[in-house]
Number of protein chains: 2
Amino acid sequence: MTTIALEANLAEESNPPHRKPHIDREDIMSAALKLLGPNRSVSTISLREVARAAGIAPNSFYRHFRDMDELAVALIERAGEKLRYVIREARQRATTAPSIIRSSIDTFMEQLGAEEQLLHVLLCEGTVGSDAYKQAVEMVLTEFENELQEDLVRLSTEANAPLHRPDLVAKAITRLVFAMGGNALDKSLEEKRAIAEQMMVMVLFLMEGSEAVFKQHGSGDIV
Amino acid sequence: MTTIALEANLAEESNPPHRKPHIDREDIMSAALKLLGPNRSVSTISLREVARAAGIAPNSFYRHFRDMDELAVALIERAGEKLRYVIREARQRATTAPSIIRSSIDTFMEQLGAEEQLLHVLLCEGTVGSDAYKQAVEMVLTEFENELQEDLVRLSTEANAPLHRPDLVAKAITRLVFAMGGNALDKSLEEKRAIAEQMMVMVLFLMEGSEAVFKQHGSGDIV
DNA sequence: CATTTGTCTATACATGTGTATAATAAGTCA
DNA sequence: TGACTTATTATACACATGTATAGACAAATG
């Protein structure tokens, strides 16, 4: 019925009979993003749904992606780039250690509410989904951790307050922020703000703790 | 074809022609658990799959659960109970603060590899799935946090090392451990062990950090 | 211009899904 | 025993999904 009505529509309208002249990977990716929501993650949307949302025939999908999996990985990588870019920008607006933390977390939370559901892809379902998917998410997280670790080391030596195991500090911060971010996705603005505050305290704990342990044991193992 | 072969089988065998005399919620729940795996989470398995695994007709499912959702929530609650029980037990085997942390994390990681995939239900996909599902997971986490907070307060006052915002320490620990646990699910035993070590250091950071902040600002707000 | 090539669509098929309906077996109690 | 209730199954329907095949149109090429 739907198809019939659609055909009739197209016939009656002045359209040069139904055809998309040029279809982009881009078009498909943004169509897929539109489908994501509080209860829909990448691995629960179907190829046909994406095609429908992009306004193309199901089979046209294959011209651009081999799989839904390939689409998913592409989305993750784009999300990773975007997020790193945004955070990097946030860091440049601030210089002292506490303000860097604050502005990074703030922009992170802002992005959660942004129209493009890119972050959704990263935060949800890193633990389910295909192996390719999980691996792609893991790579983004690791890159994030590395970048953060560099920052932490630089800042803490500048402040004469060296850290014990800055790699683990970076990892803990990353995992914590991403986990809580995923939880905050469908919460209200005030709730998001409250969660952001909590994140900041937690990050502070991690850094102060690492600092304290350094004072006790230096950078060596904890005996 | 499958059905025909099956019927033939059953006819040839000495079975009193195919019927399950008594079916339990229990049977269905454990059948569902068996289906979970690195790439299959509760919200990606179908009612029919569960019925098949339990050896019952699809419709029989409805006599015991209204929904797959109801099944999922039941599984989560059971997982929460089990986990709390196990951890409580671990805590009683140890008394000093560091050893409690160690034994709790160790038993947590042990449970990850246990045959029953209960933890899987809690760790994966807290951020996708139905609202009921998410709410159930959230409740388990919160209970966990509360119990942990009590412990933290008790231990830290005993040790004369009070904490700043023990609630946030508990929340951070919980979220961190669950997030990293979800990641560790399909990793090898050594990897799991390494991750457990990382967790311990992170938890240590959080506690030492909270302690340090308390020394600086007391239990009041951070000015 | 004609031809070829690449892209998108239409149709079709086999399979999986949730669930409605009716039939059947098991359990219970007179 | 027989009647009644309850739990399980069989059959069926109306979808949705991934993808194979073949046809139609546009752009590129000769």
Side-chain angles (χ1 to χ4, degrees), chain A residues 1-11 13-29 31-32 35 39-73 129-130 132-133, chain B residues 1-11 13-29 31-32 35 39-73 129-130 132-133:
Chain A
M1 186 191 113
T2 340
T3 22
I4 298 172
L6 186 68
E7 279 197 87
N9 255 354
L10 287 175
E13 286 176 18
S14 59
N15 272 349
H18 40 327
R19 185 68 174 272
K20 283 263 151 95
H22 210 47
I23 287 284
D24 236 353
R25 277 172 78 100
E26 215 59 36
D27 299 324
I28 297 183
M29 287 172 73
L35 292 175
N39 301 320
R40 311 298 315 277
S41 74
V42 184
S43 71
T44 68
I45 65 180
S46 67
L47 185 152
R48 279 178 119 111
E49 270 179 301
V50 174
R52 224 175 293 138
I56 62 175
N59 270 325
S60 298
F61 181 94
Y62 293 118
R63 295 280 154 190
H64 306 278
F65 297 97
R66 213 165 59 85
D67 254 342
M68 279 297 291
D69 238 57
E70 199 173 298
L71 209 204
V73 171
S130 71
Y133 191 109
Chain B
M1 187 190 106
T2 341
T3 21
I4 298 173
L6 187 68
E7 276 195 271
N9 254 356
L10 287 175
E13 286 176 19
S14 60
N15 272 348
H18 40 323
R19 185 67 175 273
K20 281 263 149 91
H22 209 47
I23 287 286
D24 236 355
R25 277 171 76 101
E26 215 59 36
D27 299 324
I28 297 183
M29 286 172 73
L35 293 173
N39 300 320
R40 310 296 316 276
S41 75
V42 185
S43 71
T44 67
I45 65 180
S46 68
L47 186 151
R48 281 179 117 109
E49 267 179 303
V50 174
R52 223 174 295 138
I56 63 174
N59 269 327
S60 298
F61 181 93
Y62 294 118
R63 294 280 155 188
H64 307 279
F65 298 97
R66 216 166 57 84
D67 253 344
M68 280 297 292
D69 238 58
E70 199 172 298
L71 209 205
V73 170
S130 72
Y133 191 109

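All chains are named by letter (A, B, ...) in the order of the sequence lines, taking the proteins before the strands, and each is independently numbered beginning at 1.
Atom pair A/Arg63:CZ and D/dT19:C1' shows a separation of 13 Å (rounding to whole Å applied). B/Asp69 has its CG atom 14 Å from the C1' atom of C/dG18, to the nearest Å. Between the CE atom of B/Met68 and the P atom of C/dT19 there is a distance of 11 Å, rounded to whole Å. Computed from coordinates, the B/Ile56 CD1 to C/dG18 P distance equals 13 Å when rounded to whole Å. Between B/Asp24 atom CG and D/dT8 atom P there is a gap of 9 Å when expressed in whole angstrom units. Taking atom CZ of A/Phe61 as the reference point, atom P of C/dT7 lies 16 Å away to the nearest angstrom. For the pair A/Ile45 CD1 and D/dA16 C1', the computed distance is 15 Å after rounding to whole Å. In this structure, CG of B/Leu47 is placed 9 Å from C1' of C/dT17, rounded to the nearest angstrom.
Dashed line: the shortest gap from a side-chain N or O of B/Arg52 to OP1 or OP2 of C/dT17 is under 4.0 Å. Under 4.0 angstrom from either OP1 or OP2 of C/dT7 there lies no side-chain N or O belonging to A/His64. For the OP1/OP2 pair of C/dT7 and a distance below 4.0 Å, the side-chain nitrogens and oxygens of A/Ser60 include no atom meeting the criterion.
When side chains are defined from C-beta on, B/Arg40 counts as touching B/Ile45, because their heavy atoms get closer than 4.5 Å.
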Please write out each protein N/O paired with an N/O of nucleotides 13-15 of chain D under 3.5 Å, distance rounded to 0.1 Å.
none

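Side-chain atoms of A/Asn59 and base atoms of C/dT7 include no donor and acceptor less than 3.5 Å apart.
Among all heavy-atom pairs drawn from B/Asn39 and A/Gly129, the shortest one is OD1-O, 2.8 Å. Here the shortest heavy-atom pairing between B/Asp27 and B/Asp24 reads OD2-N, 2.9 Å.
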Side-chain atoms of residues 52-73 of chain B: list all donor-acceptor pairs with protein atoms under 3.5 Å, sequence neighbours left out, distances to 0.1 Å.
from    : atom 1 : to       : atom 2 : distance (Å)
B/Asp69 : OD1    : B/Ser130 : OG     : 3.1
B/Asp69 : OD2    : B/Ser130 : OG     : 2.6

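Not a single side-chain hydrogen bond (donor to acceptor under 3.5 Å, both in side chains) links A/Arg25 to another residue, sequence neighbours left out. Listed by chain and residue number, nothing satisfies the salt bridge (Lys or Arg N to Asp or Glu O under 4.0 Å) test with A/Arg48 (two or more places apart in sequence, or in another chain).
Here C/dT17 is the nucleotide among C/dT17, C/dT7, D/dA7 with the atom lying nearest to any side-chain atom of B/Ser46.
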